[in-house]
Colleague: 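Next up is a structure, given as structure tokens.
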Amino acid sequence: MDDLRDTAYAYYEHFNHETQKSIQTFSEQMETKSLPNKIKFREFSAYMKDIGFPQFGSKNFFDQLKRGKKDHLVYADVITLLYIIESGRPFCNGLDCNNKFIVGLYFTCVECFFKNDCNYIFNVCPDCFRTKSYDHSHEVFLDPIVMLRLKTKLDKSKGVNDDTFYSDDDKKKVDRALQIMQIAVSLGNLVAATTAMCSIISDSGSGSGGKRDQKVLRRGARTVKKVKPLDSVLSEKELSNILWWKERMEDCRKPSTVQLIKRLEYSNLLGLDVSLKNGNLKEGSLNWEILQFKSKFPREVLLCRVGEFYEALGIDACVLVEYAGLNPFGGLRSDSIPRAGCPVVNLRQTLDDLTRNGYSVCIVEEVQGPANARSRKNRFISGHAHPGSPYVFGLVGLDHDLDFPEPMPVVGISRSARGYCINLVLETMKTYSSEDGLTEEALVTKLRTCRCHHLFLHTSLRHNSSGTCRWGEYGEGGLLWGECVARHFEWFDGNPVTDLLSKVKELYGLDDEVTFRNVTISSENRPRPLTLGTATQIGAIPTEGIPCLLKVLLPSNCTGLPLIYVRDLLLNPPAYDIAFTIQATCKLMSTVTCSIPEFTCVSPAKLVKLLELREANHIEFCRIKNVVDEVLHMHKNSELNEILKLLMDPTWVATGLKIDFETLIDNCKWASDKIGEMITLDGEMDHNEGYSSVVPNDFFEDMESSWKCRVKRIHIEEEFAEVERAAEALILAVTEAFMPIITRIKATTAPLGGPKGEILYAREHEAVWFKGKRFSPAIWGGTPGEEQIKNLKPALDSKGRKVGEEWFTTIRVEDALTRYHEAGAKAKARVLELLRTLSSELQAKTNILVFSSMLLVIAKALFSHVSEGRRRQWVFPMLIESSKSKDVESFNGTDGMKLVGLSPYWFEVAEGSAVNNTVDMQSLFLLTGPNGGGKSSLLRSICAAALLGTCGFMVPAESALIPHFDSIMLHMKSYDSPADGKSSFQVEMSEIRSIIASTSKRSLVLIDEICRGTETAKGTCIAGSIVETLDKIGCLGIVSTHLHGIFSLPLNAKNTVFKAMGSVNVNGQTKPTWKLLDGICRESLAFETAKREGISERIIQRAEELYNSVYAKEGIPGENDTEIQHLCSYESLNGSDRPDFQSNNSGRKDSERSRSLNQMEVLQKEVETNVIMICQKKLIELHKKEKIPELSEIHCVPVGPREQPPPSTVGASCVYVMLRPDKKLYVGQTDDLEGRIRTHRSKDGMQKARFLYFTVPGKSLACQLETLLINQLPNQGLNLTNIADGKHRNFGTSTLSPESITVC
């Protein structure tokens, strides 16, 4: 403001006396009568409005205008005011400034300035311009200085009096050039800005200027040529990418990074200042080569291999220092370009740090091998690392696995007439999916649960129903905008799908010919996705303070891909057919008696990427074989085959791949055979025990570990034989060169300080050398070993430097080492070639492998859920397809929901701590109850049970009938949203608006404590109107409230039923029972709740006094009022007998498997025979004492190395025998067989242990049979590891009646 004052005073001094007198009069008209020469805000604001300048009448502007801490204006301030008004100084039109006066520099919309004759010009302050915090239909902005220069140039080229500024034909070209100019100016790139200006002049309106225009153009071109520092001027696309990086640099906060950023010059994609040291961009230089790579992937951090380091320059170096914790090369020297990097061994950690922070990385490798001393090494782009998609180059040659994170899609959000639309594109999978008709809350839920690589917002989001183009106005888009503004995003227009795919191809550098497969599953007949409030309030999205539903659905050891599948299924409930199939699958799983596979879970994205890039190693091929073999294992077993067939449709929905069952089986057999023919599997070894005792075995193991035991020897027989010949030649050379010397040293007897020598493996140099000292004879006498000593020479490293004083070799040994290394390199190259060829062959079956992998993920998730459900004593509900919208016969003539013995999902039923409720819901409930009475818990429990049933899962109840809802919505407490300027009541109304808009007759709506955030009377009326609306729709649901005045309203709700949470009087105190009852509860227990939470007795007493003085006089029913009222009656389920909602499937016999018996299988058969004989004999004795018929025969179930027991063993007493890999046995008993087997296999060497088990009724009988087997199996010649346990002969007696004993 001081600069404006100085300018105004300078003008004032040049005014004549009459003008100064007019200013004096103007000032006096605003003065406060009681305070001469002083202008208070009140008079100032009123006068500004009277003369037509209301924007100047704000308190904010008044405070800016007055000097210091005074509360009034003086004459000098009026001079400044008039200058501001006459000069047209602007106010900020940005979203965050609230029309604040701009004191300094500002930015003006170019199109408004030139086309609207200055009647209305859109201006923003630098802060709003930088953060893009404005909403305007035009996009090009310039500051006044550049604008003036631009206008001067245009006036000269067009003629000041030319009526037509733009021709229609030139508009696009001019606008495009203006955009380039704006970007260039914001980057400080005057060269590009000048070029853009000349482009505007040359492209706008040819012909009107004649020769004069041509002269101006030539002069402009010469100017550009003089200042052009590079061979070519930056294009619009390059400038846009540089601006993108400049915005990222503004987010950096580390002091070291900030210092590096000061040395950047935004004139090229690397940000290099060519005037600084090492900033040369001359063609042929390393910097120039890096710049060429960078131009191919301009929005990726580029790491270039230089020797033993990966280096980054300029902008990329700043990113490494900021996010990877690396130090800049050369410290913080101000005379050199920013440089940083990491050692080769730390590349993986650096990539993880960068991708974790949302950056993509392009890695450039050197071509390995000898290079001409005067020529630069050739380099190539070896791969990319993206968030959710790691760098895999070279993995094919490694002997370890690579963790593959959950893939992160590119997300595009748009809006259509049906609602919001989200498009997800997975570059790794080359797939995309679209989901339309989403509510704002459902869309935000998807964003919360989806870590996206890049977010694109379609311009359709800017237009709402109010027609104001203000996103977030009238409650629309505010929640979504709050979610998006915290992320980096870009706007795009055009077709929301095809243009998004084009953006993805540009982002990942893909060719235009690359196609993406549409995996969208029709949303017809599918329930709506969960809203954010519903998902968080039941813990489908983990939320602090809310019981997590995911943690009780699956065992704690079931994580990763199965957990993600279950989470996604809950957030996006399936159609009725799929839910019914999932439930049928789970029911079969709960009854199987055979062992089940381990279910190898492989990320489909990992599988696709490794096969596509041909980087799958032998470990990954073994895992792929496990996948297809487990599918084939399920197919061969009659019980599991039924489950396999049922899993086909859920897998189709999850992958978007429709594959025929027979095609799946045939292709799995082909893939299994193909991998089995090539890859060395577990237990197949082709390693020699050792070549020789002369050369250390560690040497051969290390040198050959990079290619041995990967493919079967038959495929590399020639290379294998050459390595063996080279190894034998090396052994012979080492023996003849070094052994005579060692023999001589051993034969020499000397006191301390005598000769020493041995043959050692120099691991760092990958060589076998002689290491010794003081072994040369003092006098050469032709004794044994002297000739070999003369042939020794110092050992040299790969760079020709002497390794040490004690390391020696010979020419013959070095030649033999070279031959051996070359033979090993050829063998490794051949192995890698075979692995890559196998990847190419399997790539044709990628869809089959992806489908099989996902099928096993689903199988593991469902088996785990059934096991946990049985442990928690949950049940399968009867899932009914709703008849309200379809002409089908409903269950017992109703469309209601009935939950018998419903318990909160977060409680253990076995512990008996939960209060169960029966909910028979045929219409809407209006629920009342005291604080802490269980209303919220009941709503949360009902919501979870309905959702689980709708998805096909087990539910926490004794029995249940659940219709397949089209939407399940739970609204609980609301918080204010200061970012959106909304109170908690506004947020609540916004959410309820969305709920009502999405509700149909087939919906379940649960609203807790409606209208709690506003004045009671009006809140009660709003609540009543909402209840009427839901009642009219005819949905099922519950609305809970403390607004008891709602019962006095003349509600038109014919189907609504009053329900209450019960309470009892114990010793004069009212306590909740947490039971659902018919009627109305007007007692809130507010005083008791406050006292229990620590509110002082004095405050409570005063509250009671106030209550009695006001509300008692109004005759409002007190705490002893037990009046029960009904608005209407409702029909119960027809019939007096409660239907059995659980169907029990009869057991199925294991299919006979014919296969060749190995030693372990022979032992298993022997153990099984003896176990049956011993136990059966004991049971016969027990039954003879009771004089009852003989029991059925014992049936032992085998569990193979990669198998686990079925869910039917959960909670059952089992006796088991573990067959260890060393052929020793362990006998035990347990009620948690799956956990016990997992514990055994977690020990070293026990991963492939086999088991036999059978179940018995009761732990006591299991203990007796365990002791019996421990004592008698050794008598059959079997070796036990826990014989000592057999001393405990009596673990107790069974209390079961003999008639009830059955053994299976």
Side-chain angles (χ1 to χ4, degrees), residues 396 401 595-604 606-608 610-638 640-641 643-645 647-648 651 655 657 659-686 707-720 830-857 859 1151-1158 1160-1161 1200-1203 1248:
V396 65
D401 195 14
S595 61
I596 59 177
E598 275 192 348
F599 299 116
T600 303
C601 296
V602 180
S603 167
K606 176 182 181 181
L607 194 151
V608 170
L610 293 182
L611 292 181
E612 178 184 355
L613 299 179
R614 302 200 306 165
E615 291 290 346
N617 58 18
H618 65 292
I619 297 175
E620 197 62 32
F621 282 121
C622 288
R623 188 173 284 112
I624 294 173
K625 190 175 191 304
N626 289 338
V627 169
V628 295
D629 283 349
E630 287 171 4
V631 172
L632 295 175
H633 171 73
M634 295 180 71
H635 173 60
K636 294 174 183 177
N637 184 286
S638 59
L640 299 180
N641 189 47
I643 294 175
L644 180 64
K645 291 179 179 178
L647 288 173
M648 295 295 288
T651 308
T655 61
L657 295 168
I659 295 178
D660 178 73
F661 183 76
E662 295 301 327
T663 302
L664 173 68
I665 299 303
D666 292 343
N667 282 277
C668 284
K669 290 178 181 178
W670 179 88
S672 178
D673 293 343
K674 181 64 69 173
I675 297 174
E677 292 170 1
M678 179 64 66
I679 301 299
T680 301
L681 305 175
D682 293 340
E684 298 178 354
M685 300 294 291
D686 54 13
W707 57 271
K708 262 191 176 181
C709 299
R710 282 162 165 71
V711 302
K712 286 183 167 56
R713 177 166 179 168
I714 189 175
H715 302 290
I716 54 170
E717 189 62 53
E718 182 179 343
E719 291 78 6
F720 210 116
R830 177 58 180 162
V831 168
L832 297 184
E833 180 186 354
L834 292 172
L835 292 175
R836 288 195 165 102
T837 301
L838 183 58
S839 290
S840 299
E841 293 175 346
L842 289 179
Q843 192 175 356
K845 307 294 182 182
T846 298
N847 288 348
I848 296 293
L849 299 179
V850 168
F851 190 92
S852 302
S853 175
M854 194 64 208
L855 186 146
L856 293 185
V857 168
S1151 61
E1152 296 295 329
R1153 290 174 290 184
S1154 57
R1155 55 186 178 182
S1156 60
L1157 296 176
N1158 56 28
M1160 288 300 296
E1161 289 172 332
R1202 295 187 52 79
E1203 297 176 350
K1248 298 182 181 180

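Note that the structure is predicted; figures quoted are calculated from it, not measured.
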Colleague: At their closest point, which heavy atom of Leu640 faces which heavy atom of Asn637, and how far apart are they?
Modeller: N-OD1, 3.1 Å
Colleague: First locate atom CG of Leu842, then atom CG of Leu607, and finally report the distance between them rounded to the nearest 0.5 Å.
Modeller: 8.5 Å
Colleague: Quick check against the 3.5 Å criterion: does Glu630 have a side-chain atom that pairs as donor or acceptor with the backbone of Leu856?
Modeller: no
Colleague: Just so I know, are the side chains of Asp401 and Lys606 near enough to count as touching, which here means a heavy-atom distance under 4.5 Å?
Modeller: yes
Colleague: Shortest non-hydrogen contact from Val396 to Leu832?
Modeller: O-CD2, 3.7 Å
Colleague: Just how far is it from atom CD1 of Ile659 to atom CD1 of Ile848, taken to the nearest 0.5 Å?
Modeller: 4.0 Å
Colleague: Surrounding CD of Glu718 (heavy atoms of other residues, nucleotides or ligands, distance under 6.0 Å), is the total greater than 12?
Modeller: no
Colleague: Would you mind reporting whether Arg830 and Phe720 have side-chain heavy atoms less than 4.5 Å apart?
Modeller: no
Colleague: About how many Å separate OG of Ser852 and CG of Asn626, when rounded to the nearest 0.5 Å?
Modeller: 12.5 Å
Colleague: Can you name the nearest heavy-atom pair linking Leu644 to Leu855, along with the distance?
Modeller: CD1-CD2, 3.6 Å
Colleague: So, taking the atom named CG in Asp666 and the one named CG in Asp660, what distance separates them when rounded to the nearest 0.5 Å?
Modeller: 9.0 Å
Colleague: How about Met854 and Leu657: do any of their side-chain heavy atoms sit closer than 4.5 Å?
Modeller: no
Colleague: Is the shortest heavy-atom distance from the side chain of Arg836 to the side chain of Glu615 under 4.5 Å?
Modeller: yes
Colleague: Kindly state each residue pair satisfying side chain to side chain donor-acceptor pair (under 3.5 Å) with at least one member in residues 667-679, sequence neighbours excluded.
Modeller: Lys625-Ser672, Asp629-Ser672, Asn667-Lys845
Colleague: With a 3.5 Å distance limit and no angle check, can you tell me whether Ser853 reaches the backbone of Val850 through a side-chain donor-acceptor pair?
Modeller: no
Colleague: If you define the side chain from C-beta out and look only at heavy atoms, does anything of Ile679 sit under 4.5 Å from Leu835?
Modeller: yes
Colleague: Considering only heavy atoms from C-beta outward, does the side chain of Ile596 approach that of His633 to under 4.5 Å?
Modeller: no
Colleague: Just how far is it from atom CD1 of Ile624 to atom CD1 of Ile619, taken to the nearest 0.5 Å?
Modeller: 12.0 Å
Colleague: With rounding to the nearest 0.5 angstrom, report the CZ to OG distance, Arg1202 to Ser595.
Modeller: 13.0 Å
Colleague: Report yes if some heavy atom in the side chain of Leu664 is under 4.5 Å from a heavy atom in the side chain of His635; otherwise report no.
Modeller: no
Colleague: If you look at every heavy atom in Ala671 and Val628, which pair is closest and at what distance?
Modeller: CB-CG1, 4.3 Å
Colleague: Which atoms form the tightest heavy-atom contact between Phe621 and Ser839, and what is the distance?
Modeller: CZ-OG, 3.3 Å
Colleague: With His715, which residues qualify under side chain to side chain contact (heavy atoms under 4.5 Å, CB included), at least two apart?
Modeller: Met678, Lys712, Leu834
Colleague: For Thr837, what residues pass the side chain to side chain contact (heavy atoms under 4.5 Å, CB included) criterion, not counting sequence neighbours?
Modeller: Glu833, Glu841
Colleague: Could you check whether any side-chain heavy atom of Phe851 comes within less than 4.5 Å of a side-chain heavy atom of Val631, counting everything from C-beta outward?
Modeller: no
Colleague: What heavy-atom pair brings Leu681 and Cys622 nearest, and what distance separates the two atoms?
Modeller: CD2-SG, 4.1 Å
Colleague: Report the C-alpha distance between Glu620 and Val602 in whole Å, list the side-chain angles of each, state the deciding distance to 0.1 Å, and finish with yes or no for side chain to side chain contact (heavy atoms under 4.5 Å, CB included).
Modeller: CA-CA 9 Å; Glu620 197 62 32; Val602 180; 3.6 Å; yes
